[in-house]
2 protein chains.
Amino acid sequence: MIEALVEVWSVGSNQSIPVRPRSHAHLHLLVEGWLVRSQTLSDGGRQITDIVLPGDLCGWAAAEFQGTGEDIRACGPTRIAVLRKDVVIERDLFAVWRSWERARDVEARILRSRLVSLGRRNARARTAHLVAELYHRLRRVGLADSGSFRCPLTQGQIADVLGVSPVHINRVLQELRREGLIAFNKQQVMIPDLARLHVAASFDEGLDDVGVEAFCSLI
Amino acid sequence: MIEALVEVWSVGSNQSIPVRPRSHAHLHLLVEGWLVRSQTLSDGGRQITDIVLPGDLCGWAAAEFQGTGEDIRACGPTRIAVLRKDVVIERDLFAVWRSWERARDVEARILRSRLVSLGRRNARARTAHLVAELYHRLRRVGLADSGSFRCPLTQGQIADVLGVSPVHINRVLQELRREGLIAFNKQQVMIPDLARLHVAASFDEGLDDVGVEAFCSLI
DNA sequence: CGTTAGCTTGAGGCCTATCAATCATAGTGG
DNA sequence: CCACTATGATTGATAGGCCTCAAGCTAACG
């Protein structure tokens, strides 16, 4: 692992990840904190397309998001390990490489899953689905226990993920709390009854519980 | 090219692509016709997540869509070339392999682009954006000329792509025609003024005009 | 202690869904 | 050749989910 490691970035809260030359030659392993990747339209609307969690492996083509309204930003203090792609391929880091290949499949599955949410679920089900997704992904890397996890997203950011207004997200969260499905308070999410949450979200475990290989062991 | 070719499927109109054993070991090149990949929810709602156009390269993990509401279906008569992944890698088909790698990036870009649409655009802009996307993708493979192309999708399918009801898509299409932005009649789409369509769609050419390498030359 | 970011609440209105019916077109079989 | 059927497109009416604007609230922070 060490031989491929170029450096470790420490990114402050709410800071944007700078695009660097040669970043297309690197893989990035999120060690700590969350990242959101978003796209801003000309009319000011913003849509978050990816939520990167600890243990996630991702590659950013440098030219891909320059001056096009794309942005990758940290939610809270974050550490990112930068790995050289070529070394990962050549050395005995085959496991990492295969995990990278797999990560792209997982990425596509999450994107499709969220596409279904935005297209066919109302705000309540979308919110429930997002929380369920985050819970399952975090559990795989040991960051969610007994129906509870820490979520650094603001309500405004959740709105930008789900394609609704911040005002409406606020009301939906209150409704879900009244129903005893989700309690979201001070960056802490609690799920009293996962099965009921799945029902509210039409969460399909076979389809939506995407398999992310845990890479915390490598960190 | 020939040595990697396993077979060519001819799929009839509105037929589902059957999942076969070992299909994860194959790449699929759409030679003729369109494909839609959709996901059906437990409540009956359907969301189309991918539109596969001639020249597109795609791989389908077999187990990925079994009994989970996923479906890949032909819109009209279709021919699909099946290639062996391993042969593609080993032989001098490196160009194909790189194109496959690239196709996955393109796929992710399209998914994100559509996510932005569903999250942050109204039905009118979504429709305009979809038409612009299809036009640019088809033009790369020589299937769109002078602001016009053939589109085998029904209004119902367009609705399932854009996450709106068929009734509403019908009204939006009429509105766009009245505005002189899109004329859609008998599977033929005409774009009188591409620049105005881009404005209506907040289409960002740098971001949304995804680069798909044309593979028609290989067919 | 003023400032700021984020959360909360209310009111009004638009966009879009839903239900229901009609129309157009093509294919089918008697 | 003509019902008969099926699929898709069209139109109208009603309802509801969600947005927008606007204001007040809270907590953290320099």
Side-chain angles (χ1 to χ4, degrees), chain A residues 12-15 36 41 43-48 73-77 117-130 151-179 182-189 200, chain B residues 12-15 34 36 41 43-48 73-77 117-130 150-179 182-189 200:
Chain A
S13 184
N14 206 29
Q15 275 196 314
V36 292
L41 273 69
D43 67 1
R46 194 180 60 157
Q47 178 66 39
I48 291 177
R73 188 170 296 269
C75 316
S117 258
L118 294 205
R120 291 300 167 200
R121 283 189 254 257
N122 61 19
R124 176 175 170 274
R126 280 183 219 181
T127 308
H129 192 276
L130 175 66
C151 170
L153 299 178
T154 67
Q155 289 188 11
Q157 285 173 318
I158 295 175
D160 283 341
V161 173
L162 300 180
V164 296
S165 71
V167 172
H168 195 56
I169 274 294
N170 181 276
R171 293 192 237 259
V172 167
L173 285 174
Q174 290 178 54
E175 182 189 336
L176 289 172
R177 143 164 284 173
R178 273 196 305 275
E179 297 182 61
I182 300 169
F184 184 18
N185 206 3
K186 290 187 189 294
Q187 300 202 337
Q188 200 68 25
V189 174
Chain B
S13 184
N14 206 30
Q15 274 196 315
W34 292 26
V36 292
L41 273 70
D43 66 3
R46 194 180 61 156
Q47 178 66 39
I48 291 177
R73 188 170 297 269
C75 315
S117 258
L118 295 206
R120 291 299 165 201
R121 283 190 255 256
N122 61 19
R124 176 175 170 274
R126 280 183 219 180
T127 309
H129 192 275
L130 175 66
R150 196 181 146 280
C151 170
L153 299 178
T154 67
Q155 289 188 10
Q157 285 173 319
I158 295 175
D160 283 341
V161 173
L162 300 180
V164 296
S165 71
V167 172
H168 195 56
I169 273 294
N170 181 276
R171 291 192 237 261
V172 167
L173 285 174
Q174 290 179 54
E175 182 189 336
L176 289 172
R177 143 165 286 174
R178 272 196 304 277
E179 297 182 60
I182 301 169
F184 184 18
N185 206 3
K186 290 188 188 296
Q187 300 202 338
Q188 200 67 27
V189 175

Taking it one step at a time, do V164(A) and V172(A) satisfy side-chain contact (heavy atoms from CB on, under 4.5 Å)? CA-CA 10 Å; V164(A) 296; V172(A) 167; over 6 Å; no
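For R177(A) and dT8(C), the CZ to C1' distance is 13 Å, given to the nearest whole Å. At whole-Å resolution of the value, CD in E175(B) and C1' in dT16(C) are 13 Å apart. Here the P atom of nucleotide dC15(C) and the CG atom of N122(A) are 20 Å apart, to the nearest Å. Straight-line distance from the CG atom of N185(A) to the P atom of dT26(D): 15 Å, rounded to whole Å.
At dT8(C), one or more side-chain N or O atoms of Q155(A) fall inside 4.0 Å of OP1 or OP2 (strictly under the cut-off). For dA9(D), the OP1/OP2 oxygens have no side-chain nitrogen or oxygen of N170(B) closer than 4.0 Å. Between Q174(B) and dA9(D) there is no side-chain polar atom (N or O) within less than 4.0 angstrom of OP1 or OP2.
Residue-to-nucleotide contacts include no donor-acceptor pair under 3.5 Å from the side chain of R124(A) to the base of dG17(D). Contact annotation: side chain of R171(B) to base of dG12(D), donor-acceptor pair present below 3.5 Å.
For A123(B), whose side chain is taken as the heavy atoms from C-beta onward, the closest listed nucleotide among dC19(D), dG12(D), dT16(C) is dT16(C). Relative to the side chain of V167(A), the nucleotides dT20(D), dA17(C), dC19(D) differ in distance, and dT20(D) lies closest. Residue S165(B) places its side chain closer to dA17(C) than to any other of dA17(C), dA11(C), dC18(D).
Under the 3.5 Å distance criterion, the side-chain polar atoms of R177(A) are left unmatched by any main-chain donor or acceptor of I182(A). Between the side chain of Q47(B) and the backbone N or O of V161(B), at least one donor-acceptor pair lies under 3.5 Å.
Under a 4.0 Å N-O distance rule, the pair D160(A)/R120(B) qualifies as a salt bridge.
The residue G45(A) sits apart from the nucleic acid: no heavy atom pair falls under 4.0 Å.
Along DNA chain C, the nucleotide closest to F184(A) and the one closest to R120(A) are compared, and the more 5′ of them pairs with F184(A).
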